[in-house]
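Following this message is one structure expressed as structure tokens.
Atoms within each ligand, like the ligands themselves, are counted from 1 in listed order. Count residues from 1 along the sequence. Quick caveat: nothing in here was measured; it's all calculated off a predicted structure. Any value given below was found using the heavy atoms of this structure, including those in side chains, with hydrogens, waters and symmetry copies removed.
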Amino acid sequence: MLEQLETMLQEAVAELNAVTTSDALREWELKTLGKNGAVTRMMRGVGSLPAEQRAAFGKRANEVKAALTEGYAEREQLIKAQELARDLESGQIDVTLPGRPASLGGLHPSTQTLRRYREIWAEMGFQVYRSREVEDDDTNFTLLNMPPHHPARDMQDTFYTTTPNVILRTHTSPGQIRAMREFGKGGTEPIRIILPGMCYRFEQITTRSEIQFHQVEGLAVGRGIRMTDLKGTIAEFARRMYGDKAQVRFRASYFPFTEPSIEVDVECFLCGGKGCRVCKYAGWLEISGAGMVHPTVLRNGGYDPAEWSGFAFGMGPERVTMLLHDINDIRYFWSNDLRFLEQF
Ligand code: PHE
């Protein structure tokens, strides 16, 4: 038995010295010092020895175990140091190499237009109010005079969520309600704001319409605000945005939350009014829905419609960006194609 013990020690030491990786070291430890390893097995055998040899064997076995445990620890340190050195070597960085030039990003064409809008409206005295993109059904519809079952609520148009009553806003108009309630101070303060932001509609994607798009809502509430104020304000905006000669026209229209309602067109820049794919051969491009804030909406915002009035408009900057840059397909906007984006 003692002889076997010595042989085992010699073999184990030889094996240990041949180990060069942490994986192999772990294997060696299991095989030699582990629960079912060679040392443990030897020690278990002590019971089969004659009583007078047991003490001497046990003593030597403990020495062997201690020696192997120590050898293991030393080897472990050595291997760790080697592996670290190897890692450092292979990950070496040549700090003298010239850097890769960082390519400059640019603003998305939509962002550029949004910023231009904001500038113009700021010049005209409108402050920015940010309303939420995730809305509740009431604010997006009911409070805007679209009761349940109103056709404008058609399932096709709205992205619903798994939470009842929670939807993605289909337009920025719900922000009118939130702004009136927040800043109107119970219907006692005038308001003049724009509400820019992303809107979502569950619609067929075409060259002219996307399922997500920006709107810039405008809202003015005060005493004695009239339709002529709306027309003058939008015409002034068009001149600042498209130049002094910009032609605009107003068409009667319908929105549940404005009365009367209009739509505003600007002469198509792409074709100069002759008709093209973008303007659907009409020569005019719709830039805004608008109207006088409906009395019901004013009331829902906390105002007394007998005393207060207001106008509202909603514009789509993507459409305008298409005009300004001769873009003939709205799908480029969110396709993240650098060949498109790098042009701006
Ligand atoms: N919210 C309307 C839309 O999504 C636009 C609009 C805004 C119309 C404000 C009138 C007044 O098309």
Any N/O pair R201/ligand 1 closer than 3.5 Å: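 In this structure, R201 places an N or O atom under 3.5 Å from an N or O of ligand 1.
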Give the residue and atom name of whichever protein heavy atom lies nearest to atom 9 (C) of ligand 1, and the separation in Å to one decimal.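 Answer for atom 9 (C) of ligand 1: E217 OE2, 3.3 Å.
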Check this for me - ligand 1, Q215, N or O atoms closer than 3.5 angstrom, yes or no?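 Min N/O separation from ligand 1 is below 3.5 Å for Q215.
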For ligand 1, which atoms, with element, lie under 4.0 Å from some heavy atom of T258?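 That gives atoms 10 (C), 11 (C) of ligand 1.
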How long is the gap from CZ on F333 to CZ on F213, to the nearest 0.5 Å?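 So the CZ of F333 and the CZ of F213 are separated by 13.5 Å.
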For G314, atoms of ligand 1 separated by under 4.0 Å from a heavy atom: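 Atoms satisfying the 4.0 Å criterion: 6 (C), 7 (C), 9 (C).
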Which bit of C199 is near ligand 1, meaning a heavy atom under 4.0 Å away: side chain, backbone, both or neither?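 The answer is neither.
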For atom 2 (C) of ligand 1, closest protein heavy-atom neighbour: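 Ranked first by proximity to atom 2 (C) of ligand 1 is F257 CZ, 3.7 Å.
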Is H171 in polar range of ligand 1, meaning some N or O pair under 3.5 Å apart?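 It does: an N or O of H171 is found under 3.5 Å from an N or O of ligand 1.
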Please report the C-alpha distance between R116 and E119 in whole Å, then the side-chain angles of each, then the deciding distance to 0.1 Å, and finally whether the salt bridge (charged side-chain N to carboxylate O under 4.0 Å, His left out) criterion is met. CA-CA 5 Å; R116 181 74 192 118; E119 263 170 35; 2.9 Å; yes
Measure from atom 11 (C) of ligand 1 to every heavy atom in P256, G316, A312 and give the option owning the shortest one.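 Checking each option, the heavy atom nearest atom 11 (C) of ligand 1 is found in A312.
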Going by ring-ring contact (aromatic ring centres under 6.0 Å, His included), F313 matches just one of F237, W121, F255. Which one?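 Testing F313 for a ring-ring contact (aromatic ring centres under 6.0 Å, His included) against F237, W121, F255 leaves exactly one candidate, W121.
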Mind checking whether F183 and Y129 have parallel, tilted or perpendicular rings, split at 30° and 60°?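 Geometry flag for Y129 against F183: perpendicular rings.
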Check P317 against H214 and note the closest heavy-atom contact, atom names and distance.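 Looking at all heavy atoms of both residues, the closest pair is CD-O, 3.3 Å.
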Would you check the N or O atoms of S173, main chain and side chain alike, for any that come under 3.5 Å of an N or O of ligand 1?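 S173 vs ligand 1: N/O contact under 3.5 Å present.
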Taking the side chain as every heavy atom from C-beta outward, state whether F340 and R331 have any atom pair closer than 4.5 Å.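 Side-chain contact under 4.5 Å: no.
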Evaluate the ring planes of F344 and H325, with Trp represented by its six-membered ring, and classify them as parallel (under 30°), tilted (30 to 60°) or perpendicular (over 60°).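 Ring orientation, 0 to 90° scale: perpendicular.
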